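Okay, structure first, notes after.
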Number of protein chains: 2
Amino acid sequence: MPRDTEDEPIYRADCPTRTILDQIGDKWSMMVLAVLRASPKRFNGIKRQLEGITQRVLTQTLRKLERNGMVVRRVIGGSPPGVEYSITPLGRSLQEPFAALYDWTLEHIDTIHKHQESYDRDAQTTTRRPD
Amino acid sequence: MPRDTEDEPIYRADCPTRTILDQIGDKWSMMVLAVLRASPKRFNGIKRQLEGITQRVLTQTLRKLERNGMVVRRVIGGSPPGVEYSITPLGRSLQEPFAALYDWTLEHIDTIHKHQESYDRDAQTTTRRPD
DNA sequence: CGGTATCCAAAAAGATACTG
DNA sequence: CAGTATCTTTTTGGATACCG
């Protein structure tokens with residue numbers, strides 16, 4: 001039987017799957033949204049809650065979120081000039097489906113770790129030349 | 001009021017948020033799982049359904065999914081030697097929460113694109129020195 | 001067929017210094 | 001305070017070639 005009759009559906013790199021992961025699958029985006037979820041905050045206010053993030057990366061992350069309409073940036077005139085970032089309804093709505101993923105992770109994280117340990121242990125003894 | 005009394009909760013890079021995104025937030029993982037969801041397949045069978053993926057990257061993706069226990073690899077002895085990959089219950093269960101994210105994307109993708117266009121257009125006229 | 005080994009390019013991230 | 005500008009390192013992915 002020729003395989004021409006077989007289905008060969010194609011997934012491509014522009015799958016909707018990618019659309020959102022490309023935007024919020026990076027290291028900090030979801031944490032920035034989580035921080036802003038409680039209340040609007042200024043640049044360094046956000047930065048203080050994200051241990052290890054650099055100014056540069058936070059700026060990039062905020063720009064990307066702003067570009068997607070998930071965050072708005074507002075300049076505060078005053079003697080100590082400031083900028084306030086707040087989450088938009090769109091950004092807030094993203095957290096519902098994301099919470100499902102978060103809960104899944106909490107539920108299965110132990111299982112995953114066990115698989116990883118098992119896999120890493122086997123790698124020592126299998127298909128590993130004795131050197 | 002001193003800000004010492006203020007809460008400064010800390011999100012760190014090892015947030016559970018990262019646990020799963022680090023594993024499946026890459027370019028192809030979710031699409032590989034989607035392909036295997038229908039039925040077990042061999043290496044090149046998977047590859048044929050993923051337009052643009054290279055052998056090297058598919059191998060890496062499968063190893064990572066296998067390490068996490070989301071996919072199992074089985075060697076098929078025979079005259080044309082082969083390897084069959086199949087999705088595990090764990091991998092299958094991940095698709096439920098992920099579907100929520102997928103649906104969210106489909107629902108809001110137009111809004112996001114409009115924000116992006118608007119943002120990109122404004123960038124031409126604002127805070128842009130005339131050169 | 002199902003990979004591994006290399007080499008290379010591009011993108012993301014970290015460190016640091018400087019500015020309105 | 002809220003960035004920008006550079007430079008360097010790390011990570012990721014693509015292109016090839018070769019192997020059991």
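It should be emphasised that the depicted structure is a prediction, and the values quoted were computed from it without experimental measurement. Every chain is numbered from 1 and lettered A, B, ... according to where its sequence line falls, protein lines coming before strand lines.
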ask   = At what angle, to 10 degrees, do the two end axes of the helix from dC1(C)-dG20(D) to dG20(C)-dC1(D) meet, given five pairs define each axis?
value =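 Rounded to the nearest 10 degrees, the bend comes out at 50°.
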
message = I need the minimum non-hydrogen distance between Lys27(A) and Ala13(B), along with the two atoms involved.
response =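 Result for this residue pair: CE-CB, 4.1 Å.
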
task = Would you name the heavy atoms of Tyr11(B) and Met31(A) that are closest together and state the gap between them?
result =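 Minimum heavy-atom separation between Tyr11(B) and Met31(A): CB-SD, 3.8 Å.
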
What does the list of N/O pairs under 3.5 Å between the protein and nucleotides 6-9 of chain D look like, with a distance for each?
from, atom 1, to, atom 2, distance (Å)
dT6(D), O4, Arg56(A), NE, 3.1

message = I need the residues from residues 17-46 of chain B with at least one non-hydrogen atom less than 4.0 Å from DNA chain C; give them sorted by number, or say none.
response =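 Heavy-atom cutoff 4.0 Å gives Arg42(B), Phe43(B), Asn44(B).
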
All side chain to side chain contact (heavy atoms under 4.5 Å, CB included) counterparts of [X], not counting sequence neighbours:
X	value
Lys41(A)	Val35(A), Leu36(A), Ala38(A), Ser39(A), Ile46(A), Gln49(A)
Arg73(A)	Arg63(A), Glu66(A), Val75(A), Val83(A), Tyr85(A)
Leu90(B)	Trp104(A), His108(A), Thr111(A), Ile112(A), His115(A), Met70(B), Thr88(B), Ser93(B)
Pro40(A)	Glu84(A), Ser86(A)

ask   = Quick one: salt bridge (charged side-chain N to carboxylate O under 4.0 Å, His left out) pairs with a partner in residues 92-105 of chain B, sequence neighbours left out?
value =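 Qualifying pairs, neighbours excluded: none.
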
query = Should Arg73(B) be listed as having a side-chain N or O under 4.0 Å from OP1 or OP2 of dG3(C)?
reply =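 Answer yes for this pair, as a side-chain N or O of Arg73(B) is under 4.0 Å from OP1 or OP2.
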
inquiry  = Strictly below 4.0 Å: does Tyr85(B) bring a side-chain N or O up to OP1 or OP2 of dC1(C)?
reply    =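 No.
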
Set of side chain to side chain donor-acceptor pair (under 3.5 Å) partners for [X], sequence neighbours left out:
X	result
Arg67(B)	Asp120(A)
Glu51(A)	Arg12(B)
Asn44(B)	none
Arg37(B)	Gln95(B)

Rounding to a whole Å, what distance do you find between [X]:[atom1] and [N]:[atom2]?
X	N	atom1	atom2	result
Leu58(B)	dT16(D)	CG	C1'	17 Å
Leu50(A)	dG14(C)	CG	P	12 Å
Gln60(A)	dG14(C)	CD	C1'	11 Å
Gln55(B)	dC18(D)	CD	P	14 Å
Glu84(B)	dG3(C)	CD	P	12 Å

message = Using the side-chain heavy atoms of Arg63(B), tell me which of these nucleotides is nearest: dT4(D), dG3(C), dG14(D).
response =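 Looking only at heavy atoms from C-beta outward on Arg63(B), the closest nucleotide is dG3(C).
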
